[in-house]
Every structure is written in structure tokens, then in C-alpha cells.
Amino acid sequence: MTSINDFLLRHRLRIATNPCISPDFCLDWPALRAQLIEDALGRPVPGLTHLPESRFETKQATWSLARNAHCDYAWVAHAKPGVSGSVLNALLEQPAIVPIAGTTCIAFPATWTNLLVMKNLILSFDTESTIFPTASGSLQKQSLGIGARYTTLHWPAVAWVMANLGLSLTANQNSIPRELAYDTDVMLSGQLDRVPFPFIGTDVPEGHQGQSVEGMSHGAILTYLSHGFHHHRRAWGFNADHQPIGGKFDQREERLVAGCLLASYITFDLSPELSITPAVADPAVWCAIHLPPPVLTSVRKRVEQAGLTVDESELVRLVASVWPTMVKMQERDRKYTAARAAAFTTDLGREYIRELSIDELPGLTTPNTIAIMLALCEAMDMRVHYVAPAFGFQKNFPFADQEELRRRVSAAWDVCKAFDVSIGFHSGSGKSPANYRLVGDITGGRLEIKTSGRYTYEMGVALSRSHDAKDQALWRTWFDFTRELAASSAFSHDDTEQNMARKFIVHALLRENQPTDIFTCEKTCRQALSALPRDPDCMFWFEYNFLFVLAPGGKPDKQNLGDHSLAGYTQRAKCYAISPEARLLFAQGIANYIINLAEYTSMSDSDTCAEARRRLNNYTSYQQLVLAIAPQRTSMLRVVHV
């Protein structure tokens, strides 16, 4: 048994209430195996559920999923005519015969190892299968990136939107290793690196959501499969966002590559290596020494073909500053490619989308910088599908000057068109409808809007509106957690922490038409904050809320935020223990927001969006929404994923 599975079972942290921590989605195979056998013999097994909407085929068998009350999953295979039990037995690890009369039935645990083999079995038989995330369809040119900083409870809503709009999305997106644990053994040993959060005045361990990258990959696949989304035959993607290149991440590069094996989309974040690359005294001489001779010539020619005139000194200065980082990006890209070639047997299973994130370079990104960086990628034989420039976006705020936004995006798009590359808009949550329409019009829909923080907000809205007493108690604790962080940070000795907290507090007070001259002493500030209603639109709640999920006891103790011990995961379980009413409200909030983004950016037409909203907002139970994910077929019994 792996260390992480042993930890989870010893502490009774089961997938049903704490999903996606382990790479495996079956922690106790002997127990589930016994339940499947008992069920096949006609004996009642409370909590065991067969999921008929998950049905699919491979060359050897017809398959479906089963799970028990703990949400341990099994792959259940019924042999096709002429296929022997020994052939089925050899497909995956840990086979178990399920004694069903008249058929050869074998079950296997939903382990990470078995999942990787299943991808080959499925795609070698059905080259258009959409059970796994892929880099196919429209995803290479346009998407909406649906991130998560809190729980995985948003996935059914995302599947519903894709099904009802007929739209492919990047339906699983997280920054790794910042948000997801890249190695559960390192996590258990307490050796995860710490990520600075200047606005709260402390560092928080990586993986502050509690999931592992493999667990997140596995969980998304099983969720969409359980609900029958794959029957729509619509591609969806998984973005391993902000993959850090170079710097301190060199030493764990192999684990980052292995953990992201099922990602169909990689965002290369160049900032770690760029931040430690020294400036050179004479860029022209440096380039002559360090660059292969054809590179600079190729870049210069390609930039000119894109219609830009770049001064030679500007060209060599930028190339010299980024070349060491680009070499490391190329090395990482080759490792991603090699890992997929070793693990997967089909071209579709190996392909992935590349995004070049250059929004971390100093200042706003100029058209010349975009052109030079994309030309470098071409010269180094790295096909880039998206580039993410810095446009001056602030997280969760609209861009106030439409004409200035038009100017910046139009200039960038002129370059991107010449390179056949789409634009990735990072920090995409919270922009105005006019902002979204503008960038959609300029790019003709060749874009991706990355969103994440909005979906945590929608959970707060759902809990605050729920009539369930436990939901209300969780909401009060969550809001008070952020209020305490704001109050203490407003009087921090750290200038950045204090200034940000006061900015958040002032914004919240102005929304309620309250005086803002409250920082004469901490007592006055706390009194003013106590008078505010618990409202998810309070800026301090919005900014601090994601830290609640692994805060032991829901307490705002900065030293214990992002706690990967039993105490942290006990807290995380509370975030999953919400009522069906809250789940429906949450799913409706998520889906409505994505529908709006799709309409504003012209990815979906207004009539389709209007009809989807009508259906969505008419649901009176969470079960109704979940049952509407699969194609509507009355002959198949459907069940709800917990």
C-alpha cells in the first residue's frame, strides 16, 4: 500500500468526503472487491452503486464503473464474445472475478496505474473517445479555462455546460505545484516548498487546495465518465497551468513531468528562470557566442514576415535575456513529449497543447516582444497554440478603459494572427461583459479566458443563500475566518500586507455606505467590520476565502494555513459536506457564469445560451441537473455522483 493511501485509511479520510488526495480512486480494494462479489451473488450491499451511464467499449470488453459508499471505484469489464477470462485478467492490475451467470465479468480497482493503461485500451479502440482529456477539436484554438481553488464540486456544472452548449472547455485547470501537491510523499513528510502570499504576510505550503495533481486528473475523468458526458463525443481539456521552468524547480522537474502525464494542455511559466538570469553587458556578443547561428537569423526573418520592424539592439537584448530560459523550456517540453511517448500508444493520447506565458516579463507585453518570443519557439521547434501577454489585467477587476484595452489587444492580435496562435487571457475572472465582448470580437474567438477565483465565490453565494442550517453554519465560519484575517492584517507591521488589507476593507465598507476612517486603532476597525453583513461580495472575503479549505478548525492562524495533516483534511471534509440545496445553487451559479462567458466571447450564440439558462434556472433539485449531463435516453437508469 502506498504511503498516502495508508495515511488516508488510518485516519478514515475517504474519497467520498475528501476526494483527489491520493492518485488512486480506490483506497481499499479488498473491501470493494468483496462487495462486488456479494452483489453479483444477489446479496444486498448498501451503498454499492453501478453507474450505467459510464458504459463504453474497448476491443476486449464492455466496461462500466461501480463504486461503494466510500467512493472507492472499480472498472467492471464484461467480455465480448470470443474473449476469454484470461485475456481480461491480463488487461489491468489486481483483477477479480465477479460471478455473474452467463458472462465473463472481471473487476479492477481504479488505481492510477490502471487508469493509464485504460487510456491506451480506450483510444486504441476508439480514436475519437472523449473519456480522457485531449488536445483535439476546437481546444487548440479557443477555450474557457475553468480553474478551482477550493473543492472539486464544480465539475458536474462544467460538464452540464459543455453538454448543453455543445462547447469544448478546458474543464480541469490548476497551477502546479502552487495549488496542487506535486508529490504526496513529499507532502506527507512536510517538505513541500512554501509559496509567498504577501497580501496575508506569510508563506503557505504548495498544494494549498489539498489535492494531488494525479488525484485531480483521476477525479475529473471519473466524474465526467460517471455522468455519461463522454456519450456527447465532445473533447475537453486538462490544463497543467503555470508549470514553472528553471530556477529552484530544476531539482524536481522529473516529478512535475510525471505528475502531469494526463494533462492535455501545458502552460509554460518562464518566470522562475527569468528571475535569476543576470543581464549581460554586451547582448550582441553574448548571442554570437551562445546561440546556434541560424537562430537569430530565423527569428529576425520571422518577425519581419509578421510585419514588424525590430531594432537590432532590441532584438539581441531580449533574446540574450530569455535564451537560457527558452533552452530550459525546450528541455522540459522534450521531457513532457518523451513521458507521453513512453506511457501512451496513440497519437491522440500523446498530443498536448502548449501555452507560452510571458505575462510575467516586466511591464506590459509589447507586440515586438510577442513576435520575438513566438519566433524563438518556432526556431526551436516548439509548436505554441496560445500565448499569454501582460495586458495590465488585475485579478477580479474590470479593465476600466475600453479603448485602451482595444489598442493593446488589437496590437497583440495582429502579431498572433501572423503566427497562427491564440491569445490566453490570464486573470480573466471579474472582467466586465464589455471587456469580454471586446476581446472576443478582436480575436474572432481565437482566445482562452482563464478563470478560477470566481468559482470559490459562487460557493460562498450558494452557502449564504441555502436554507440548510449546516450550510449556514459553514458560511458563518468561513466569512468570519476572512474577516479576522482582514482585521489582523490591517494592523500588520508589513506594509504590503497592511495596505492590501485596508484596501479590501475600504472597498467592503464603501459597498455598504459606511465610513472608512476606521484605522485609528484596531478596536475601531474590528467594530466596523463586525457591523458588516456576511456578504460574499465583501472584497476581503473574496481575496482570503481560498485559504479556508486547509485551515484546521476553520481558524485564521497564519502559521497553520495549508495544513496537509489530519487537522487540515478534517477541515477540508467540512467543505464537501454541503446540502443538496447548496450543491444546486452552486452548480447553477457556476453554469450561469460560464454561459455568460461563452456568450460574451461569441463562443456560443445568444439563442443557445438563452435556452440553456432557461433549463438551468428551472431545476428545483441537484439531481435534475446531474441527470441532464448525459444525452437524454429514457432506456438507461441514471444515478447521481456524490
If you compare all heavy atoms of [X] against all heavy atoms of [Y], which two are closest, and at what distance to 0.1 Å?
X    : Y    : answer
A284 : V316 : N-CG2, 4.0 Å
G219 : C20  : CA-SG, 4.0 Å
A412 : I370 : CB-CD1, 3.6 Å
P19  : F25  : CB-CZ, 4.5 Å
P109 : N114 : O-ND2, 2.9 Å
I21  : S212 : O-OG, 2.9 Å

Determine whether [X] and [Y] make a side-chain contact, defined as any pair of heavy atoms from C-beta on separated by less than 4.5 Å.
X    : Y    : value
K248 : D193 : yes
Y544 : F199 : yes
N18  : L8   : no
F238 : I266 : no
M326 : M373 : yes
C260 : I176 : yes
H385 : Q140 : yes
F548 : Q571 : yes

- [ ] Would you please name every residue forming a side chain to side chain contact (heavy atoms under 4.5 Å, CB included) with N499, sequence neighbours left out?
- [x] D495
Task: Passing candidate, side-chain contact (heavy atoms from CB on, under 4.5 Å) with L348, options S124, S136, S129 - done: S136
Open item on the list: Which residue in the set V299, L356, V421 passes side-chain contact (heavy atoms from CB on, under 4.5 Å) when paired with C377?
Closed with: L356
- [ ] Could you walk me through whether E351 and R383 pass salt bridge (Lys or Arg N to Asp or Glu O under 4.0 Å), step by step?
- [x] CA-CA 11 Å; E351 292 171 356; R383 169 71 173 104; over 6 Å; no
With no hydrogens and no angle check, is any side-chain donor or acceptor of [X] less than 3.5 Å from a backbone partner on [Y]?
X    : Y    : result
Y569 : G210 : yes
W29  : Q94  : yes
K558 : I200 : yes
S275 : S271 : yes
R350 : F344 : yes
H564 : G562 : yes
D563 : P552 : no
K417 : V415 : no
D282 : V285 : yes
S489 : A486 : no

Between [X] and [Y], a side-chain donor and acceptor under 3.5 Å:
X    : Y    : result
T366 : N368 : no
D269 : S357 : no
T337 : Y352 : yes
Q142 : S422 : no
N172 : N239 : no
Y455 : T451 : yes
S492 : Q498 : no
Y576 : T152 : yes

Task: Qualifying ring-ring contact (aromatic ring centres under 6.0 Å, His included) pairs, either residue in residues 240-277, two or more places apart - done: H242-H426, Y265-Y386, F268-Y336
Open item on the list: Applying ring-ring contact (aromatic ring centres under 6.0 Å, His included) as the test, list every pair that has at least one member in residues 131-150; sequence neighbours left out.
Closed with: Y150-W478
- [ ] List the steps, then state whether side chain to side chain donor-acceptor pair (under 3.5 Å) holds for S264 with T134.
- [x] CA-CA 5 Å; S264 60; T134 61; over 6 Å; no
TODO: Could you walk me through whether N174 and Q209 pass side-chain contact (heavy atoms from CB on, under 4.5 Å), step by step?
DONE: CA-CA 10 Å; N174 275 102; Q209 289 183 226; 2.7 Å; yes
By salt bridge (charged side-chain N to carboxylate O under 4.0 Å, His left out), which residues pair with [X], not counting sequence neighbours?
X    : result
D359 : none
K450 : D241, E355
R300 : E312

Task: Distance in Å, L116 CG paired with L92 CG, rounded so as to fall on 0.5 Å steps - done: 10.5 Å
Open item on the list: Check whether F393 forms a cation-pi arrangement with K431 (NZ or CZ under 6.0 Å from the six-membered ring centre, at most 45° off the ring normal).
Closed with: yes
- [ ] Give the C-alpha distance, both sets of side-chain angles, the deciding distance and a yes or no for salt bridge (Lys or Arg N to Asp or Glu O under 4.0 Å) between R194 and E206.
- [x] CA-CA 6 Å; R194 297 183 71 87; E206 291 175 342; over 6 Å; no
Task: Ring geometry between F546 and F197 (parallel below 30°, tilted from 30 to 60°, perpendicular above 60°) - done: tilted
TODO: Evaluate the criterion salt bridge (Lys or Arg N to Asp or Glu O under 4.0 Å) for residue pair R446 and D420; output intermediate values, then yes/no.
DONE: CA-CA 10 Å; R446 286 285 303 269; D420 191 28; 3.3 Å; yes
Open item on the list: Is it the case that over 12 heavy atoms from other parts of the model lie below 6.0 angstrom from the CG atom of D381?
Closed with: no
Any carboxylate oxygen within less than 4.0 angstrom of a Lys/Arg side-chain nitrogen, looking at [X] and [Y]?
X    : Y    : answer
E254 : R332 : no
E179 : R149 : yes
D333 : K328 : no

Open item on the list: Set out, in order, the CA-CA distance, both residues' side-chain angles and the distance that settles side-chain contact (heavy atoms from CB on, under 4.5 Å) for S175 and L180, then state yes or no.
Closed with: CA-CA 7 Å; S175 296; L180 302 182; over 6 Å; no
Open item on the list: Checking D6 against M1 for the side-chain contact (heavy atoms from CB on, under 4.5 Å) test, could you report, in this order, the C-alpha distance in whole Å, the side-chain angles of both residues, the deciding distance, and whether it holds?
Closed with: CA-CA 6 Å; D6 176 67; M1 181 178 290; 3.9 Å; yes
- [ ] Let me see the working for E214 and L261 under side-chain contact (heavy atoms from CB on, under 4.5 Å), right down to the final yes or no.
- [x] CA-CA 8 Å; E214 295 97 334; L261 193 57; over 6 Å; no
